[in-house]
Amino acid sequence: MITSAIYHRPDSEFAYLYKKDLMHIRIRTARGDIKQVNLLHGDSYSLHEEKFYQRPLAMTKYLSTDLYDYWVAETKEKYNRMSYAFEVIGFDGIRVLYGDHGVYPFEEEYLTMPNNYFKMPYFHEADRFKAPEWVKETVWYQIFPERFANGDPNNDPEGTLPWASKDPDRQDFFGGDLQGVIDHLDHLVDLGINGIYFCPIFKAHSNHKYDTIDYLEIDPAFGDKELFKQLVEECHKRGIKVMLDAVFNHLGDTSMQWQDVIKNGADSRYADWFHIHEFPVSYKEEEFEHASDITYDVFAFTPHMPKLNTANPEVKAHLLNIAKYWIEEFDIDAWRLDVANEVDHQFWKEFRKVCDETKKDFYILGEIWHSSQSWLQGDEFHAVMNYAYTDAIMEFFVKNKISMSKMISEINSQLMMYRQQTNETQFNVLDSHDTPRLLTEANGNKDLMKQVLAFTYMQPGVPCVYYGDEFSMTGGMDPDCRKCMDWEGDQEMFRYFQKLIHFRKNNHLVFSEGTMVWQKIVEEVGLLELERELAEKQIGGIFNTGDLPQQAALPENILLSNLTEELEGELLIKPNGFVIFEK
């Protein structure tokens with residue numbers, strides 16, 4: 001028995017209140033090392049009277065990574081408090097007690113020591129991680145406003161190019177605006193979308209608007225506040241939620257505050273709004289978005305995006321006012337927070353309070369590309385852009401960089417990193433304004449694109465369509481992934497997205513709340529079968545990622561498929577093909 005691999009931590013993703021009175025407990029052991037784990041649990045004040053260590057609750061071995069097995073159980077406690085430990089049984093019959101003080105022999109003298117037990121002193125509903133229920137039902141659609149549609153040529157900035165007249169360079173403008181979005185809302189309804197994630201729409205210098213000039217104004221090239229209010233109202237009429245992008249890590253260098261710093265140096269009233277190391281501020285430009293010898297902190301090495309000091313009381317008050325203003329005045333439903341991992345936790349805790357107080361069931365999404373436990377404890381974000389999760393899918397299905405078993409290990413690891421209610425609202429993207437487009441990564445293989453989309457739509461979390469993917473748009477890394485929308489694009493792919501989104505929304509509870517069961521993994525031929533289960537409902541998916549056709553039992557109730565055909569009472573699944581069915 002590898003006791004050094006046994007791990008549990010109370011009041012974390014290993015022990016948390018899932019619903020009002022339902023506790024989830026997890027424990028980790030070395031992969032393939034343990035025969036059974038039992039939970040020993042009961043009231044914190046009744047160990048000796050109840051002797052609950054004599055009433056073990058068998059835990060279920062749930063998900064495994066290449067290193068570990070994870071065991072799970074759920075329990076209710078009469079008095080909403082709990083002491084607990086684990087009986088760990090090896091294949092050789094060895095039994096140990098694992099508790100707050102580590103590993104002990106499974107003997108009476110140690111079982112009766114109260115301090116050997118982990119504690120959940122009281123199940124506080126106020127501390128339970130809660131995410132808005134509506135998010136589970138949402139299929140998001142990301143819009144890069146400058147490239148979606150030009151609905152009003154009168155607000156085009158100087159030098160605007162004809163729509164889609166060339167592939168975009170970093171400084172190009174093509175005239176996309178908010179009126180263009182309003183004009184095409186029915187397209188999103190036809191697609192099945194019920195949430196829009198907008199890249200920044202506030203006044204800024206660039207086409208991408210991540211270099212904010214004024215957070216309290218709509219960029220004039222996009223429209224004005226009256227038009228934006230109309231847009232939100234039209235979205236809500238259609239059952240579409242609206243999420244705005246907030247760039248609170250940095251300002252643009254053409255902002256009033258930074259220009260005052262340039263003019264007045266250390267005497268500027270805004271000098272402490274930023275992280276400045278030397279006056280006058282300066283840098284050595286190597287290219288527009290990269291510089292050296294910068295005398296102040298910036299986003300990456302971009303001299304035109306000076307980093308805000310969010311610990312400064314004035315900065316904090318200014319940004320929190322902005323958060324409240326757009327919720328209160330325009331009824332937005334969510335914030336997506338750019339470069340969220342580079343802003344201090346204290347600010348985000350206060351930000352969360354403001355949002356919660358201003359609108360019930362408001363959704364907060366952080367842009368974090370790596371492990372994010374410290375932001376997902378229930379008092380900052382509801383979810384993050386789940387790149388670490390979807391990267392595993394992309395690296396197996398599309399890029400062929402990892403094996404099937406490694407992908408499954410990565411997925412399972414990510415699911416065990418967070419509470420279940422967190423996993424249910426994570427934001428799953430296969431491409432975005434910051435990555436090459438999915439079809440480009442798939443080398444133009446539309447069947448592969450359909451396969452990886454179907455697999456991703458079966459995952460916990462909520463999916464997001466990057467504008468134009470439904471028309472098979474292509475594009476490499478930024479700025480190529482930000483091409484003008486092709487409104488005359490691939491209609492067959494559009495119809496596939498309609499079916500995919502309809503399928504996801506019709507089964508959203510199974511995919512958000514259901515268990516993951518890896519039914520079959522045949523790595524040598526590339527056959528993968530995943531099942532999602534919730535109560536009596538079971539939805540299975542079989543994916544052929546290999547080079548040869550594969551046969552499977554013919555399902556009765558097929559929900560979605562591609563590259564399959566019935567053959568002598570069985571189902572033939574061609575390479576890049578799949579079938580998803582209800583059992």
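Everything numeric here is computed off the predicted structure, so don't read it as measured data.
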Requested in this report: Using a 4.5 Å cut-off on heavy atoms from C-beta on, say whether the side chain of F91 contacts that of I34.
Outcome: no
Report task. Cation-pi check, R26 to Y18: give yes when NZ or CZ is under 6.0 Å from the six-membered ring centre and within 45° of the ring axis, no otherwise. Result -> no
Report task. Please step through side-chain contact (heavy atoms from CB on, under 4.5 Å) for the pair L528 and W518, ending with a clear verdict. Result -> CA-CA 8 Å; L528 171 63; W518 300 101; 3.9 Å; yes
Report task. Kindly give the heavy-atom pair with the smallest separation between W335 and A323, and that separation in Å. Result -> NE1-O, 3.4 Å
Query - More than 12 heavy atoms of other groups within 6.0 Å of K359 NZ - result: yes
**Report entry** D69 side chain vs G32 backbone, donor-acceptor pair below 3.5 Å
**Finding:** yes
Query raised in the report: So do the side chains of F381 and W348 get within less than 4.5 Å of each other, counting heavy atoms only?
Result: yes
Query raised in the report: Between T390 and V429, is there a donor-acceptor pair closer than 3.5 Å when you use the side chain of the first and the backbone of the second?
Result: yes
Query - More than 12 heavy atoms from other groups under 6.0 Å of CD on E524 - result: yes
**Report entry** Geometric class of the Y363/H382 ring pair [parallel <30°, tilted 30-60°, perpendicular >60°]
**Finding:** parallel
Query raised in the report: Salt bridge or not for K20 and E125, using N-O below 4.0 Å?
Result: no
Query raised in the report: What distance separates T422 OG1 from Y16 OH, expressed to the nearest 0.5 Å?
Result: 8.0 Å
Requested in this report: Provide the closest heavy-atom pair for V510 versus E533 in the form atom of the first, atom of the second, distance.
Outcome: CG1-N, 4.3 Å
Query raised in the report: Quick one: CG on N428 to OG1 on T456, what's the gap to the nearest 0.5 Å?
Result: 7.0 Å
Query - Side chains of F351 and E380 in contact at under 4.5 Å (non-hydrogen atoms) - result: no
Requested in this report: Check whether more than 12 heavy atoms from other residues, nucleotides or ligands sit under 6.0 Å from atom NZ of K537, and answer yes or no.
Outcome: yes
Query raised in the report: Roughly how far, to the nearest 0.5 Å, is the CE atom of M243 from the CG atom of L365?
Result: 5.0 Å
Query raised in the report: Does a sphere of radius 6.0 Å around NZ in K520 hold more than 12 heavy atoms from other residues, nucleotides or ligands, not counting ones at 6.0 Å or beyond?
Result: no
Query - Spacing of L453 atom CG and L560 atom CG [to the nearest 0.5 Å] - result: 10.0 Å
Query raised in the report: Do Y62 and W71 make the cut of ring centroids closer than 6.0 angstrom?
Result: no
Query raised in the report: Ion pair present between K349 and D379, side-chain N to carboxylate O less than 4.0 angstrom?
Result: yes
Query raised in the report: Of all heavy-atom pairs between F497 and E470, which one has the smallest distance, and what is that distance?
Result: CD1-CA, 3.4 Å
Query raised in the report: Any donor and acceptor pair, going by atom type alone, linking the side chain of Q550 with main-chain N or O of N544 inside 3.5 Å?
Result: no
Report task. Take R482 and D434 through the salt bridge (charged side-chain N to carboxylate O under 4.0 Å, His left out) test and state the conclusion after the steps. Result -> CA-CA 9 Å; R482 304 172 182 179; D434 284 327; 3.7 Å; yes
Query - Stepwise salt bridge (charged side-chain N to carboxylate O under 4.0 Å, His left out) check, R81 with D43 - result: CA-CA 6 Å; R81 61 195 182 210; D43 182 62; 2.6 Å; yes
Requested in this report: Check whether any side-chain heavy atom of V465 sits under 4.5 Å from a side-chain heavy atom of Y467, and report yes or no.
Outcome: no
Requested in this report: Please assess K307 against N249 for the test side chain to side chain donor-acceptor pair (under 3.5 Å), listing each intermediate value before the final yes or no.
Outcome: CA-CA 6 Å; K307 182 176 174 63; N249 177 68; 2.5 Å; yes
Query raised in the report: Is any NZ, NE, NH1 or NH2 atom of the basic residue among R336 and D338 found under 4.0 Å from an Asp or Glu carboxylate oxygen of the other?
Result: yes
Query raised in the report: Would you find a donor on one side and an acceptor on the other, under 3.5 Å apart, between the side chain of N423 and the backbone of L415?
Result: yes
Report task. Could you grab the distance from atom CD of E424 to atom NE2 of H508, nearest 0.5 Å is fine? Result -> 10.5 Å
Query raised in the report: Looking at Y68, is R28 sitting on its ring face, NZ or CZ under 6.0 Å from the six-membered ring centre and within 45 degrees of the normal?
Result: yes
Requested in this report: Decide yes or no for T65 and R31: does some side-chain heavy atom of the first lie under 4.5 Å from some side-chain heavy atom of the second?
Outcome: no
Query raised in the report: For Y457 and F511, what are the C-alpha separation, side-chain angles and deciding distance, and is it a ring-ring contact (aromatic ring centres under 6.0 Å, His included)?
Result: CA-CA 8 Å; Y457 276 52; F511 297 135; 9.1 Å; no
Report task. Flag the pair L530 / M458 as yes when at least one side-chain heavy-atom distance between them is below 4.5 Å, and no otherwise. Result -> yes
Query raised in the report: Which class fits the ring pair H8 and F14: parallel under 30°, tilted 30 to 60°, perpendicular over 60°?
Result: perpendicular
Query raised in the report: To the nearest 0.5 Å, how far apart are CG in D447 and CG in L563?
Result: 4.0 Å
Report summary line: Tightest non-hydrogen contact, residues V139 and R504, listed as CG2-CG, 4.0 Å
Requested in this report: Could you check D245 against Y197 for side-chain contact (heavy atoms from CB on, under 4.5 Å), going step by step and ending with a plain yes or no?
Outcome: CA-CA 8 Å; D245 208 328; Y197 152 38; 3.3 Å; yes
Query raised in the report: Q538 side chain to R532 main-chain N or O, any donor-acceptor pair under 3.5 Å?
Result: no
Report task. For G546 and P575, work out which heavy atoms get closest and say how close. Result -> O-CB, 3.3 Å
Query - Derivation and outcome, salt bridge (charged side-chain N to carboxylate O under 4.0 Å, His left out), residues E137 and K505 - result: CA-CA 6 Å; E137 305 174 31; K505 287 165 67 179; over 6 Å; no
Query raised in the report: Are the side chain of Q421 and the backbone of L17 linked by a donor-acceptor contact shorter than 3.5 Å?
Result: yes
Query raised in the report: Between R437 and E441, does a salt bridge (charged side-chain N to carboxylate O under 4.0 Å, His left out) hold up when you go through it step by step?
Result: CA-CA 6 Å; R437 284 190 176 268; E441 293 280 41; over 6 Å; no
Report task. For the pair N562 (side chain) and G577 (backbone), establish whether a donor and an acceptor sit closer than 3.5 Å, ignoring hydrogens and angles. Result -> no
**Report entry** Any donor-acceptor N/O pair, H250 side chain to Y210 backbone, under 3.5 Å
**Finding:** yes
Query raised in the report: Are there more than 12 heavy atoms of other residues, nucleotides or ligands under 6.0 Å from atom NZ of K583?
Result: yes
Query - Worked verdict on F86 versus I25 for side-chain contact (heavy atoms from CB on, under 4.5 Å) - result: CA-CA 10 Å; F86 303 91; I25 302 293; 3.7 Å; yes
Query raised in the report: Take atom CG in D92; do more than 12 heavy atoms of anything else shown fall under 6.0 Å from it?
Result: yes
Requested in this report: Could you tell me whether K119 and D100 make a salt bridge, using a distance below 4.0 angstrom between a side-chain N and a carboxylate O?
Outcome: no
Query - Side chain proximity check, M493 to K450, heavy atoms < 4.5 angstrom - result: yes
Report task. State whether the side chain of S372 and the backbone N or O of I368 hold a donor-acceptor pair below 3.5 Å, judged by distance alone. Result -> no
Query - Shortest non-hydrogen separation from G366 to A340 and the atoms involved - result: CA-CB, 4.0 Å
Query - For Y110, the option from Y117, Y53, Y98, Y104 that meets ring-ring contact (aromatic ring centres under 6.0 Å, His included) - result: Y104
Query raised in the report: Any side-chain heavy atom of P460 sitting closer than 4.5 Å to one from Y389?
Result: yes
Query - Donor-acceptor contact present, side-chain T138 to main-chain W140, <3.5 Å - result: no
